[in-house]
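Down below is the structure, laid out as C-alpha cells.
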Amino acid sequence: MEIPFNYSNLAKTLRDRRQRLAQFIHFPAILWSGHRSSRNFPANTFPFRASSHFLYFAGLPLENAAIYLNEGKLELFIDEASPASTLWHGEMPKREEIAESIGADRDFPLAELELRATGAATIAVQDSYTRQQQSQILGRTLTSAQALEGIDQDLAKAIATLRLSHDTEALSELRKAAAVTVEAHKMGMKATQNSTLEAGVRGAMEGVIIAHNMPCAYSSIVTIHGEVLHNEQYHHPLQPGDLLLADVGAETALGWASDVTRTWPVNGKFSSTQRDIYDIVLAAHDQCIEKIRPGVEYQDIHLLAASIITQGLVELGILRGQISDLLEMDAHALFFPHGVGHLLGLDVHDMEDLGDLAGYEEGRERSDRFGLCFLRLNRSLKPGMVVTIEPGFYQVPAILHDPGRQAKYQNMVNWERLEQFADVRGIRIEDDVLVTENGSEVLTAALPNQAEKIEELVKEK
Ligand code: GLY
Ligand code: MN
Ligand code: MN
C-alpha cells in the first residue's frame, strides 16, 4: 500500500510550521497522534482521528505516532506495521517513506521516544490510552486545558498563535472542505422533497461527503427541531410547513474542517412568519460578514448580530422596548442564546481543546452574562483567520418556559405575538469566512442563502 496522499508542498509547509514554532519556544515538544479506541474487541474500533496539534506539524493522520519538535527540526517516532497487521490491513508504508513524505529530519521506533522525554512540553490528547502513555513517558501527570502551566502552557500559546492564522496549504485544504460541504448542502435541499425522514436528507448530504472520500468534521445536525442546538436525532418525519435546519460540514483527508448551516422549508416555500424571521437572521449574517476585516473585534461582530436580531424582533412586535435597553438586558439571548461563531481550522471549534486559550485574547475572560457567556471567540481579527458567522433564532423551551426568565423578561416579550411564530422553531445561517488583508472572503459563498434561491433549490428535481 502506498501513502494515500500526494501533496507536493506538504514537507515544505511542515518545515515552515516547525521553524515558526521554534521562534516562539526554546524547549523541545512532543506531540502524540493518539490511538484508536475499541468498540468491543480490539480490531473493531471507532474511526481514528489524529490529534489536531499533531496533524498541524506532522501533516498525515498517522496512528500511534509521536513527533519530537526541537529547534525547527522534526523527528518521527512510529513503529513499523507488525506481520499480523499486514495480514489484516495489507502492506503499510515503511517508516522511512512516511518520514520522507512529511520531511522529517530523522525517524525512530516508538520505544525510543523516552530518550527524548527530558524537558519536553506536550499537549494532552483526547484518548485516555495515549494520555497514560504521555504521562508515563514524561514522568508527570498532565493537566487539563484549563489548568495548563509552565512549558505546556507556553507550548499551547505558541501553537495557538500559529494555528490562528492559516498558511497557504491550510487554506487550500479549508477551501476543499468548503467546496464539498457546499455540494452536500445543495444535495440535501434537492433530496428533501423525496425524503420522508430527517435521516433521508442526512444520508443524501453525508453521501456527498463520503463520495469525496472525506469524513464529516462533526456530527451532522439535520433536524426539524432546530431549537435543539446540537440535535443529533434524525427520526422525525418531514411534514409540509416544517423548517429543516442542516448543520453539516466535511473534513479533508488531512483533517481540515468546514462548518455550514442552512435552514429551508420542507415543502419549498417559507411561510410568511418563517420568512420574516429568516430575513432577520440573514440580515444579521450579511451585515456581520460585511464588517469582517483585520483589526475588528469579533465580540463587536457578535454584538452587531445581537442588535440586528433585536431590532428585527422589535419591528415584528415580538420584543418591545428600546433596542439599547433590550440589548443591555440581553433580551435577544432569549432567541439567540449562542455566540455568533468561532474559529475554524483543523477542528470545527478550532483549538477548543485548549479551553479559551486560543479563542480569547490574553487577559480577556469569558463573561457570565446571558448574552455573552457562549461567545467562543473574543479577539481582534487578523489576516489568515477563518471564523464562522452563524446567527440564529430559536424558540428553546428550556429558555422560554423558564420561570425566572419569564419573570425577568415578562414585559419585554409580547408572548401572544410570539405564539403566531410557532412554525419557527429554529433558524441558523452559517458560513465560513476568511479574514483577508483588506476585508474578508466567504469560503462557502457558492452556497445560496437568500430565501428565494433556497426555495428554488428545494423545489429542483
Ligand atoms: N457545527 C457546530 C457549530 O456550528 O458550532
Ligand atoms: Mn459553527
Ligand atoms: Mn455549524
Side-chain angles (χ1 to χ4, degrees), residues 198 218-219 221-233 236 242-247 261 263 271 273-274 276-285 288 299 301-342 349 352 366-378 388-430:
E198 295 157 332
Y218 51 91
S219 299
I221 300 166
V222 182
T223 182
I224 57 164
H225 284 287
E227 79 279 12
V228 181
L229 295 181
H230 282 173
N231 203 339
E232 288 180 21
Q233 296 190 323
H236 300 107
D242 283 335
L243 286 178
L244 186 69
L245 183 154
D247 184 346
T261 308
T263 309
S271 72
T273 40
Q274 291 169 342
D276 283 343
I277 304 275
Y278 188 89
D279 284 345
I280 292 171
V281 176
L282 185 61
H285 165 277
C288 285
Q299 177 166 283
I301 307 269
H302 172 77
L303 295 174
L304 176 64
S307 137
I308 292 165
I309 289 169
T310 304
Q311 185 174 341
L313 296 181
V314 168
E315 283 164 14
L316 285 184
I318 292 175
L319 284 177
R320 39 186 175 204
Q322 294 294 324
I323 313 268
S324 54
D325 296 344
L326 291 165
L327 284 168
E328 206 168 300
M329 293 290 286
D330 289 325
H332 60 279
L334 289 169
F335 304 102
F336 172 43
H338 58 74
V340 76
H342 49 84
H349 285 190
E352 284 190 19
R366 233 182 239 237
S367 161
D368 55 11
R369 270 179 65 169
F370 179 36
L372 281 173
C373 60
F374 293 114
L375 185 61
R376 296 168 181 280
L377 177 57
N378 185 347
T388 66
I389 292 295
E390 49 179 303
F393 171 95
Y394 316 86
Q395 298 203 52
V396 183
I399 293 176
L400 297 177
H401 298 169
D402 175 75
R405 300 226 193 269
Q406 280 185 338
K408 179 169 175 187
Y409 295 105
Q410 184 57 38
N411 299 325
M412 285 172 242
V413 177
N414 182 339
W415 300 93
E416 274 171 27
R417 177 77 177 131
L418 182 61
E419 277 173 21
Q420 294 167 1
F421 291 83
D423 67 346
V424 192
R425 291 192 285 262
I427 292 177
R428 176 163 67 254
I429 306 171
E430 174 174 31

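Keep in mind that the numbers below use all heavy atoms, side chains included, and drop hydrogens, waters and symmetry copies. Heads up: numbering here begins at 1 and tracks the sequence.
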How would you list all residue pairs meeting salt bridge (Lys or Arg N to Asp or Glu O under 4.0 Å) that involve residues 302-325, not counting sequence neighbours?
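Qualifying pairs: none.
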
Who passes side-chain hydrogen bond (donor to acceptor under 3.5 Å, both in side chains) against Gln395, sequence neighbours left out?
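None.
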
Check: [Y] main-chain N/O paired with [X] side-chain donor or acceptor under 3.5 Å:
X: Arg366; Y: Cys373; result: yes
X: Gln274; Y: Asp423; result: yes
X: Arg376; Y: Gly339; result: no

Can you find a heavy atom in the side chain of [X] that is under 4.5 Å from one in the side chain of [Y]?
X: Phe370; Y: Ile399; answer: yes
X: Arg425; Y: Ile224; answer: yes
X: Leu372; Y: Asp330; answer: no
X: Ile308; Y: Pro391; answer: no

Closest heavy-atom pair and its distance - [X], [Y]:
X: Gly426; Y: Leu243; value: O-CD1, 4.4 Å
X: Ile323; Y: Ser307; value: CG2-O, 4.4 Å
X: His302; Y: Val340; value: ND1-N, 3.1 Å
X: Leu319; Y: Ala331; value: CD2-CB, 4.3 Å
X: Cys288; Y: Ala305; value: SG-CB, 3.6 Å

Euclidean distance, [Y] [atom2] relative to [X] [atom1], rounded to 0.5 Å:
X: Ile301; Y: Gln299; atom1: CD1; atom2: CD; value: 11.0 Å
X: Leu229; Y: Thr223; atom1: CG; atom2: OG1; value: 11.0 Å
X: Ile280; Y: Ile429; atom1: CD1; atom2: CD1; value: 11.0 Å
X: Ile427; Y: Ile277; atom1: CD1; atom2: CD1; value: 6.5 Å
X: Leu334; Y: Ile309; atom1: CG; atom2: CD1; value: 12.0 Å
X: Leu245; Y: Glu198; atom1: CG; atom2: CD; value: 10.5 Å

Does the pair Tyr278 and His285 meet the rule for a ring-ring contact (aromatic ring centres under 6.0 Å, His included), with working shown?
CA-CA 10 Å; Tyr278 188 89; His285 165 277; 9.4 Å; no

Give me each pair satisfying ring pair (Phe, Tyr, Trp, His ring centres under 6.0 Å) with a member in residues 304-335, each pair once, sequence neighbours excluded.
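Listed once each, the pairs are Phe335-Phe393.
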
Whether over 12 other heavy atoms sit under 6.0 Å from Phe374 CZ
no

Under the side chain to side chain contact (heavy atoms under 4.5 Å, CB included) rule, collect the residues that match up with Gln233, sequence neighbours excluded.
Asn231, His235, His236

In chain order, what residues pass the side chain to side chain contact (heavy atoms under 4.5 Å, CB included) check against Glu430, with sequence neighbours excluded?
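Applying side chain to side chain contact (heavy atoms under 4.5 Å, CB included) to Glu430 gives Asp247, Asp259, Thr261, His342, Thr388, Glu390, Arg428.
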
Could you walk me through whether Tyr394 and His338 pass the side chain to side chain donor-acceptor pair (under 3.5 Å) check?
CA-CA 10 Å; Tyr394 316 86; His338 58 74; 2.6 Å; yes

Using residues 403-411 as the side-chain source, report each donor-acceptor pair under 3.5 Å to any protein atom, sequence neighbours left out, with the distance given to one decimal.
from	atom 1	to	atom 2	distance (Å)
Gln406	NE2	Leu400	O	2.9
Tyr409	OH	Met329	O	2.6

